Amino acid sequence: MPKSQKSASDSLHLQADVLVLGGGPSAAWAAVAAAESGAKVVLADKGYLGTSGATAPSNTGTWCVPPGDNRHAVVERRWQRTGELADPRWMLRCVDTAYRNLLRLSEWGYPFPSEDDGRLYIANLRGPDYMRFMRRRVLLAGVTVLDHHPALELLSDDDAIVGAAGVARQVGQDWRVDANAVVLATGGCAFRERILGATGLTGDGYLMAAEAGASLSGMEFTGKYTLAPYGSSLNKGLPFRWASFHREDGSPILGPTGEPLRNGIGDREEEVARALIDGPVYARLDQAEPALQGWLRQGQPNCFVPYDRAGIDPFSELFRITLRAEGTVRGTGGIEIVSDDCATGVPGLYVAGDAASREIMTGAVSGGGAVNSSWALASGWWAGKGASTHAKRRNGKAFRSAAQSLGQAGLRPAATPRADISAGEIIEAVRSEVTPLDKNFFRSGESLEKSSERLESVWRDVRDHLQGEGVERVRTREAASIAAAGRWSVAAALHRTESRGMHRRTDLPGRSPVFAHRLVITGVDAFRIAGAPERLAELAS
Amino acid sequence: MIEIVSATRCVQCDICVKVCPANVFDATDNGVPVIARQEDCQTCFLCEIYCPTDALYVAEFAEGPTGITEAEADARQLFGSYARALGWKRGKAGGSEFDPTHRIRVAQ
Ligand SMILES: Cc1cc2nc3c(=O)[nH]c(=O)nc-3n(C[C@H](O)[C@H](O)[C@H](O)COP(=O)(O)OP(=O)(O)OC[C@H]3O[C@@H](n4cnc5c(N)ncnc54)[C@H](O)[C@@H]3O)c2cc1C
Ligand code: SF4
Ligand code: SF4
């Protein structure tokens, strides 16, 4: 157990080798990996380890590739779909590590289902069960778990990251953990869209990392939306694989070949998006055979909760649908990784899961549906190992009590705080630029310019005047993180003067070979955008 | 959104206060928990399945309350319905070994 002491201000103060921030799968795997290497680990989550994050309420298919030579071909096929931005070397090492961890789960006794021949089917993890199971493994590994302890900022001793501070929101008490290394596993930024698991996914880790000097990449790839029954939180596309789609007047929505659309997922979201910009759209899951209907109901029970509670039979009746914005959760942007151990380039700071850019894994297309959960399994493991190795190297260095608090926007405004600037209004202002289909699913230079201007003005308010007290700081910090993420996303989208994957520029359709590289953003208030190759040269020098 | 804490079913164990990832509930001194921050609810239905007595009801609409009453949810047997669909019982996990999702993936 880490040492606990109450300081004068009655705040919780712990010391650890490795501090993991987050409570989703990548945080859990990072904590287990670090603890297995002998590190003293503290895990602090905004929510509750077991229910928080994007996986817990969902049912995640993994990218499960068994060992063997065939892996190379599988990776190559998937790479073809990534808009040339992924890195096959990372993809290969990810499937290998993810597979090992799926086997670990089965050795630990996770109740996987069986295939007809009796073999365990390990390629799918049911969210509530998986995350409850991971909580137990984390506790068994001796990790100190702090639920409802959102982190507000990182701490630095000028050379390295040496911990983080936040607030225990159920008791209203500040906390601080001094640590030799920190893993950011804080998930993506869903821009406060009401999708499964997204309340806590406000991009806090991006802002904390950027304040520490880390870079971001892939932030322009936030154009991923998923179908859901209208007004519901169920952003799960799978059932819409077997559906028909209709406008208000009953006319069918047509696919690219002029035939009525019978599969609304993947690239076909485009036709639905176009129709939704024009008016309400309705669907019916009428392409699913009776056997499939049963499997869908039993295998994806939460997809049917909205219908059952609203009293609708989705297989025979039309119901209204929507496309939910998913920001970087099913997009790909995040903190840039600079080495195999998931280091960020800032000494002592590691990153895993959706908090990291998944561009190296999935490029310009979404990693939802398989890649992202394998990435959480693998990157969590590497980040946990990386952080504990770093911690061991630093061991012996006394914690400097004079550690600097790095948090700025939403915590320590640059000018006089103003009570009339609220977190809620800031978030609404950002949402109106980064979630509407006609601004963010379909993009254009002109509209992005306008969004950029508005977001700059929102950002100035945040930077100069937004401040909270006590537990309210969680909300002001979330608003600041959402504003920063929105601003980076729009800036990168403007910079990428082409279309690629989920970045759809109506004014610039088609890929440009000049942009077959990643865009890396560095800086918070004043930031710059560079191509990944330049950034690598910079790191090498 | 979370809409109902059934006082007749609730045994005041405060599990929902602990497990709700959005910190929606507040414990009370000698009563059932209250829905203190309904607006923060992410409509994930997880509190329902962790509740040992099926005392919670989360309506399907995520943007605001629907106003459904306990009597209606009860009459339509909606309390605990998501837990039953998963195979969870009395707040304990179960049923993932029967998940037929692999068949859906093949069909896909
Ligand atoms: C509906 C849905 C279905 C999906 N289905 C699939 C699928 O089938 N296949 C697939 O590959 N992927 C899928 N995904 C994506 C997958 O769920 C994510 O990639 C995965 O959850 C990422 O894990 P993570 O641990 O990095 O982040 P998350 O699981 O999102 O967890 C992030 C954690 O960080 C915590 N946190 C945030 N801010 C702070 C802070 N300031 N301080 C402390 N903690 C903080 C949160 O509380 C949360 O616990 C799906 C996503 C959704 C939304
Ligand atoms: S979990 Fe259920 S029984 Fe326990 S306090 Fe909450 S509502 Fe009551
Ligand atoms: S549905 Fe989810 S977010 Fe809402 S109260 Fe229940 S556990 Fe909390």
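As the structure is a computational prediction, the values presented were derived from the model and not from experiment.
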Please give me the minimum heavy-atom distance between B:Thr101 and A:Gln300, naming the atom from each residue. OG1-NE2, 3.3 Å
Looking only at heavy atoms, which two atoms of A:Leu238 and B:Arg105 are closest? And how far apart? CD2-NH1, 4.0 Å
Could you go through A:Arg324 and B:Glu63, starting from their C-alpha distance and side-chain angles, then the distance that decides it, and tell me whether this counts as salt bridge (charged side-chain N to carboxylate O under 4.0 Å, His left out)? CA-CA 12 Å; A:Arg324 285 286 199 189; B:Glu63 308 287 343; 2.8 Å; yes
Tell me, for A:Thr51 versus chain B, whether the close heavy atoms (under 4.5 Å) come from the side chain, the backbone, both or neither. both
Hey, are A:Arg475 and B:Asp40 close enough for a salt bridge, meaning a charged N less than 4.0 Å from a carboxylate O? yes
dist A:Trp242:CH2 -> B:Ile104:CD1 (nearest 0.5 Å) comes out at 6.5 Å
Proximal component of B:Cys47, with respect to chain A [non-hydrogen, under 4.5 Å]: neither
Applying salt bridge (charged side-chain N to carboxylate O under 4.0 Å, His left out), run through A:Asp116 and B:Arg103 and close with a yes or a no. CA-CA 10 Å; A:Asp116 292 337; B:Arg103 298 186 193 281; 2.9 Å; yes
In terms of the angle between their ring planes, are A:Tyr121 and B:His102 parallel, tilted or perpendicular, with boundaries placed at 30° and 60°? tilted
Quick check: closest heavy atoms across A:Pro128 and B:Ile49, and the distance to 0.1 Å? CB-CD1, 3.8 Å
Tell me the closest heavy-atom pair linking A:Ile265 and B:Gln108, and the distance in Å. CD1-NE2, 4.0 Å
Please classify the contact between B:Phe45 and chain A as side chain, backbone, both or neither, with a heavy-atom cut-off of under 4.5 Å. side chain
Whatever's closer than 4.5 Å to a heavy atom in chain B on A:Ala310 counts as both
Below 4.0 angstrom, N of the basic side chain to O of the carboxylate: do B:Glu39 and A:Arg192 qualify? no
Is A:Ala288 close to chain B through its backbone or its side chain, or both, or neither, when contacts mean heavy atoms under 4.5 Å? neither
Looking at A:Glu289, I want to see if its CD is surrounded by more than 12 non-hydrogen atoms of other residues, nucleotides or ligands under 6.0 Å. no
Under 4.5 Å from a heavy atom of chain B, the part of A:Asn124 involved: side chain
What one should report as the nearest heavy-atom pair of B:Leu86 and A:Pro301 is CD2-CG, 3.6 Å
Could you check whether any side-chain heavy atom of B:Tyr50 comes within less than 4.5 Å of a side-chain heavy atom of A:Arg132, counting everything from C-beta outward? yes
Would you name the heavy atoms of B:Ala62 and A:Ser232 that are closest together and state the gap between them? CB-C, 3.9 Å
Which atoms of A:Leu120 come close to chain B, meaning under 4.5 Å heavy atom to heavy atom: side chain ones, backbone ones, both, or neither? neither
Exactly one of A:Tyr110, A:Phe133, A:Phe112 should register a side chain to side chain contact (heavy atoms under 4.5 Å, CB included) with B:Ser96. Which one does? A:Tyr110
So, are B:Glu97 and A:Arg126 salt-bridged, with charged N and O less than 4.0 Å apart? no
